[in-house]
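Atoms considered below: every heavy atom in the structure, side chains included; atoms not considered: hydrogens, waters and symmetry mates. The first residue in the sequence is number 1, and the count goes up from there. First listed ligand is number 1; within each ligand, the first listed atom is number 1.
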Amino acid sequence: MDKSIKIRVQSIKSVFHHAKQATMQIQNLVRKNIQNLKPYSSARSEFSGTASVFLDANENGHDLFGEALNRYPDPLQLAVKQRIAKLKGIPVESIFLGNGSDEAIDLLFRIFCEPGVDEAITCPPTYGMYRVQADIHGTPIRQVLLTEDFQLRPQAMLEAASPNTKLLFLCSPNNPTGNLLDPAAIEFLLRYFQGIVVVDEAYIDFAEGTKSWSQRLAEFPNLVVLQTLSKAWALAGARLGMAFASPEIIHYLNTVKSPYNVGLPTQRAVLSAFETGLDGTVSTIIAERKRLEIAGVGFDFVEKIYPSDANFLLIKMEDSALIFNYLKQNGVVVRDRSREPLCEGCLRITVGTPSENDRLLALMAAFNSSTIQSSNP
Ligand SMILES: *Cc1c(COP(=O)(O)O)cnc(C)c1O
């Protein structure tokens with residue numbers, strides 16, 4: 001921990017001198033029915049050995065389409081996990097794989113939140129799925145807004161927590177604001193919040209020089225780190241999300257998930273992507289992000305471009321609705337975030353390929369000169 005972070009943690013601690021360091025047992029946070037759950041035992045998980053004739057799973061033994069998709073896939077995706085373990089330096093027992101990281105978010109509510117009783121905390125403006133999943137599961141949500149510069153308010157968050165607050169969602173780099181959250185605040189919450197702290201790192205690969213919280217799982221039994229192959233790994237269509245946590249939490253995720261939650265085409269696509277690698281596209285995207293930022297500040301209608309450690313920019317504009325529609329009419333679709341708290345007048349624009357970004361900048365330049373002309377006839 002560097003010195004400035006240490007000082008911040010100490011100053012937060014002194015404000016919260018009465019907060020007790022979290023000493024919770026994970027099992028006590030888990031819903032009773034899940035603690036007692038006897039999970040479905042699939043044919044593929046009951047037999048582990050070598051055989052030449054599989055008559056145990058009611059599959060069609062004919063490989064009719066020549067893709068070898070007629071057999072159920074490995075329910076625990078061991079081959080993929082072994083590659084991820086190597087790539088990230090995380091033991092296989094601490095890895096859960098799902099149908100996008102959205103599946104892991106869903107399962108965390110199922111494991112920890114008794115509907116109508118247990119609660120979760122989110123910090124808007126942030127990723128919308130935390131609230132949607134809470135609503136689906138009948139989980140009351142307490143929202144503690146980020147500060148004006150999109151940082152956490154850790155004291156206010158602890159004050160918002162009740163004994164029934166089981167889940168805390170932090171997103172770093174945050175969507176839609178693009179910034180990393182102060183690690184001192186995250187560490188404080190990991191130590192003092194008496195529940196599960198989910199750190200969503202969907203955009204971590206775009207934050208140069210930033211270490212993942214997954215490297216600190218051993219220190220924090222209540223930490224769940226989410227990552228995904230949908231963003232930097234260019235596999236949004238394949239659907240593969242990852243949760244990294246203590247083996248105990250991973251055990252519950254595996255108990256609650258549906259038996260074959262990651263299809264064989266996805267497992268194959270992911271293994272082959274790891275063979276190929278990212279081929280420099282992440283550095284290209286980061287360089288393009290800088291190019292868009294520099295060009296963007298030159299436009300009169302741009303009021304502010306927020307600093308980004310992700311693959312998108314949050315841009316505050318004079319008339320965001322007008323620009324949103326102008327871009328749309330010209331075939332470029334961006335995300336209107338102007339109705340999110342603290343994001344008034346803001347569009348979120350994904351950094352595309354160089355030619356996609358050229359198109360965006362050309363349209364913005366044309367819009368800029370047309371508004372200058374109309375205001376100076
Ligand atoms: C895109 C995104 C995800 C979703 O990832 P999937 O793996 O595609 O489900 C999760 N969290 C955040 C913050 C995201 O922006």
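Asn179 and Thr177 share a side-chain donor-acceptor pair at under 3.5 Å. Side-chain polar atoms of Glu59 and Asn70 form no donor-acceptor pair below 3.5 angstrom. Looking at Lys88 and Gln215, their side chains never bring a donor and an acceptor atom within 3.5 Å of each other. Side-chain contact, Ser212 with Glu201: a donor N or O sits under 3.5 Å from an acceptor N or O. A donor and an acceptor atom, one from each side chain of Gln77 and Gln267, are nowhere located under 3.5 Å apart.
Not a single heavy atom of Ala236 lies less than 4.0 angstrom from ligand 1. Within the structure, ligand 1 lacks Glu103 among the residues with a heavy atom less than 4.0 angstrom away. Contact annotation: Met129 has no heavy atom less than 4.0 Å from any atom of ligand 1.
Here the two rings, on Phe188 and Phe220, have centers that are 6.0 Å apart or farther.
The shortest N/O to N/O separation between Asn175 and ligand 1 falls below 3.5 Å. At least one N or O atom of Thr228, backbone or side chain, sits closer than 3.5 Å to an N or O atom of ligand 1. Below 3.5 Å of separation, one finds an N or O of Tyr203 facing an N or O of ligand 1.
Close contacts of ligand 1 with Ser230, meaning ligand atoms under 4.0 Å from a residue heavy atom, involve 6 (P), 7 (O), 8 (O). Taking every non-hydrogen atom of Cys171 and a distance limit under 4.0 Å, the qualifying atoms of ligand 1 come out as 13 (C). Close approach to Gly100 involves these atoms of ligand 1, each under 4.0 Å from a residue heavy atom: 6 (P), 7 (O), 9 (O).
When all heavy atoms of Ile249 and Pro221 are compared, the pair lying nearest together is CD1-O, 3.4 Å. What you find for Trp233 and Ala273 is that their closest heavy atoms are CZ3-O, 3.7 Å.
Protein heavy atom nearest atom 9 (O) of ligand 1, with residue, atom name and distance: Arg239 NH2, 2.9 Å. Ranking protein heavy atoms by distance to atom 4 (C) of ligand 1, first place goes to Tyr127 OH, 3.4 Å. Of the protein's heavy atoms, Asp200 OD2, 2.6 Å lies nearest to atom 11 (N) of ligand 1. The closest protein non-hydrogen atom to atom 1 (C) of ligand 1 is Lys231 NZ, 1.4 Å.
Under 4.0 angstrom from ligand 1, the non-hydrogen atoms of Asp102 come from both its backbone and its side chain.
Figure legend: cation-pi geometry between Arg83 and Phe274 absent, as NZ or CZ is not positioned both under 6.0 Å from the six-membered ring centre and within 45° of its axis. Both cation-pi conditions hold for Arg44 and Phe54: the charged atom is under 6.0 angstrom from the six-membered ring centre and inside a 45 degree cone around its axis.
Between Gly237, Ser101, Pro176, Ala238, it is Ser101 that holds the heavy atom closest to atom 6 (P) of ligand 1.
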